[in-house]
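Hydrogens, waters and symmetry mates are skipped; everything else that's a heavy atom, side chains included, is used.
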Amino acid sequence: MRWQERGSTVLLYNGISNVPKTEVLFSLEKRQLIEIKFSSCLGTKGTQYETNSVDFKVGADGTVFATRELQVPSEQVTFTVTAWDSQTAKRWDAMVRLLVAQTSSSHSGHKAQKGKKIMALDPSPPPKDTLLPWPQHQNSNGLRRRKRDWVIPPINVPENSRGPFPQQLVRIRSDKDNDIPIRYSITGVGADQPPMEVFSIDSMSGRMYVTRPMDREEHASYHLRAHAVDMNGNKVENPIDLYIYVIDMNDNRPEFINQVYNGSVDEGSKPGTYVMTVTANDADDSTTANGMVRYRILTQTPQSPSQNMFTINSETGDIVTVAAGLDREKVQQYSVIVQATDMEGNLNYGLSNTATAIITVTDVNDNPPEFTTSTFAGEVPENRVETVVANLTVMDRDQPHSPNWNAVYRIISGDPSGHFSVRTDPVTNEGMVTVVKAVDYELNRAFMLTVMVSNQAPLASGIQMSFQSTAGVTISIMDINEAPYFPSNHKLIRLEEGVPPGTVLTTFSAVDPDRFMQQAVRYSKLSDPANWLHVNTTNGQITTAAVLDRESLYTKNNVYEATFLAADNGIPPASGTGTLQIYLIDINDNAPELLPKEAQICEKPNLNAINITAADADVDPNIGPYVFELPFIPAAVRKNWTITRLNGDYAQLSLRILYLEAGMYDVPIIVTDSGNPPLSNTSIIKVKVCPCDDNGDCTTIGAVAAAGLGTGAIVAILICILILLTMVLLFVVWMKRREKERHTKQLLIDPEDDVRDNILKYDEEGGGEEDQDYDLSQLQQPEAMGHVPSKAPGVRRVDERPVGAEPQYPVRPVVPHPGDIGEFINEGLRAADNDPTAPPYDSLLVFDYEGSGSTAGSVSSLNSSSSGDQDYDYLNDWGPRFKKLADMYGGGEED
């Protein structure tokens, strides 16, 4: 397409071609009309024009005219002309810029002021230049005007231009360049700020260039400032703003946010039901067709029951159902390929991309559960609970293990007493008929149950329950041998204690519930702690085998308890137990006992007395109040003692005479209870009479004397204690002395007594056993040998380990070769002979230095005697260890 202009003088064209929005620059005198023409590929038929300015109109033939008389200012006037096709509804915009052409004589009749230079357009601009002049400072008639900046229209640059580069955009010029040389420059993002050098300017001519292809997605616009300075850098004009807009090209495909979208829709949904939304974004300008995305469905898999089950909103991306017939039991999932295309969905010019929408058909309860058969059967032994009788199988086509599939069973008839319940198996969904309450065969031999099955979730709207959701269950009860039972368990009887053996107490009989079996019941004792009872094995009659005693340890709270066993002769035999409780009524069969059994009192009567009471194993009314009295025989009792009654249970015993000798006294007292008939008992209380101090307490000596010990006895006890302590002390001293003697070594051991094979320690040089007390330090090598002049240099003891460096010798073999034992012994011998560090236990010891200051005399004066004056016969008396020496030296003359 192109714009054409007629009837006007065209000064400059925009340097950009083949762009949707085009700026056309005109120069005209005031109120001059313009005629423009638009042509497209389809021709001009049906093309209409309009403008965004109220001061200008465009006719049907393309003529631009002013709607009223205008005074066009010296600055530019811009407005937009739009051409649109009424058939295709497409629109094209062009910007019209009107500039004032300055001439030598004012067109209005005013004269130009002399000596003033007027801002004007370059009279000979090169083609494809857009001239951007600086604002004028005064008009042609010489009148001073307020300084105003030009409103520079934006500069549009298409992105992805192929060049060549640098490509000229506009030319900037000041009217002062006719007088002085001017340098032009630009600043801002894209010039001297990152991204650097996108735009450049010829400093002399003012031509501005773009240096490389633009990308609107990186920078959609640039704001630059143009500067004009002289050669000295002085500002000539105020900076002007330049706005550069990058025109979008369709160079980006729509991109889906996700490559796979997941959505769901209920089965049986009506057409128009919302499913999901897919979204694709286009990096191009969304206000143009380049960034306007439209959606459509390419394919649907599977194409059942229809190939168009879904549709998509082309603008919003909403996917909805378009056809009925969604059935999860037939198709559980659909895969839909969605295409997004820019250029408002134009497949010829737009760029496309695809994504996959996975639509899952969710289950609804549109299939009622149905029994696989109309009747079920089972059997169970009587008296069993928590036993599964029958398994009810159902079929449900809904999604397994969901509320729409999970079965719920209910017994609607045939079990009024609630003996059964139907539980659901969570894995198989079967109904398990379970006994929850024991069933008696003698009462019910069979049950006919009616069971209904449903789901946890209610059925979908419009779905009716199936006839096959109800089934009958026949349950047979099997008779088993039941154990006899005692109707009255525990059975309680009351009788007085002390009834004689053989007394009939009661009949404790059991009942066999198996009415349809002829069986006999036998009785036996299971528990009879005191062995007081006997039971008749055939009829269960209970009789006494011994006297029943309420005060026995086997009686708890007056009740004696025994357990009996009733067993039938069925196959297998069964037995039941029953408990008989006998409440024993108390009789007065226990005489009271006096308390306390021992007491203490002063030998002289005073305020203290002995409080006495009684204890009776019986219970009320066979216990107190008690009667306490002293017997008449012996007479000394009533003579020395008296009893004073305090109340029904207590009395006081005190001395009747003024003095009673200290000692132990047995005082008999008769105690009588209140039973019918009453029982009496004579109890002895041991009373200790002792001397007392002023406080009425017995003294220590008096207490001992009262216990029956005289002064002589006390003295004898003390002497015995002293003798015992002396013996212990002597024994300790003797043990200490013996221990000390054990550690002291005897100088001479009797040869006849010393017959033990003791191991003696001979690892030290010195005398024998009789000479162990010697100073070993005398045998050590001294550190300094300077005080021994006769000591030759280098002489040392051969039984000492050398101090200096030791030569290395071959290691002795540890394990001999099994074939040459002799060679092994010889090698060991040679190694020992050549090893100076080895202890010389089998070598001659040299005692050439004995130390200094020895108290012993020199041994050099001692000579061995070869005469026969020495008698060695005593060696025969030294035991078996000296026998060899005795044989060698003893009896030499006889040899």
Side-chain contact, heavy-atom cut-off 4.5 Å: [X] with [Y]?
| X | Y | answer |
| --- | --- | --- |
| Gln339 | Tyr295 | no |
| Ile244 | Met208 | yes |
| Glu344 | Thr288 | no |
| Phe310 | Leu326 | yes |
| Val331 | Pro302 | yes |
| Asp284 | Asp251 | yes |
| Thr277 | Thr316 | no |
| Val361 | Tyr334 | yes |

Check this for me: Tyr274, atom OH, are more than 12 non-hydrogen atoms of other residues, nucleotides or ligands nearer than 6.0 Å?
yes
Take the angle between the ring planes of Tyr243 and Tyr245 and call it parallel below 30°, perpendicular above 60°, tilted in between.
parallel
Arg212: salt bridge (charged side-chain N to carboxylate O under 4.0 Å, His left out) partners, not counting sequence neighbours
none
Under the side chain to side chain donor-acceptor pair (under 3.5 Å) rule, collect the residues that match up with Asp202, sequence neighbours excluded.
Ser205
Let me confirm one number: the CD1-CG distance from Ile247 to Asp285, rounded to the nearest 0.5 Å.
11.0 Å
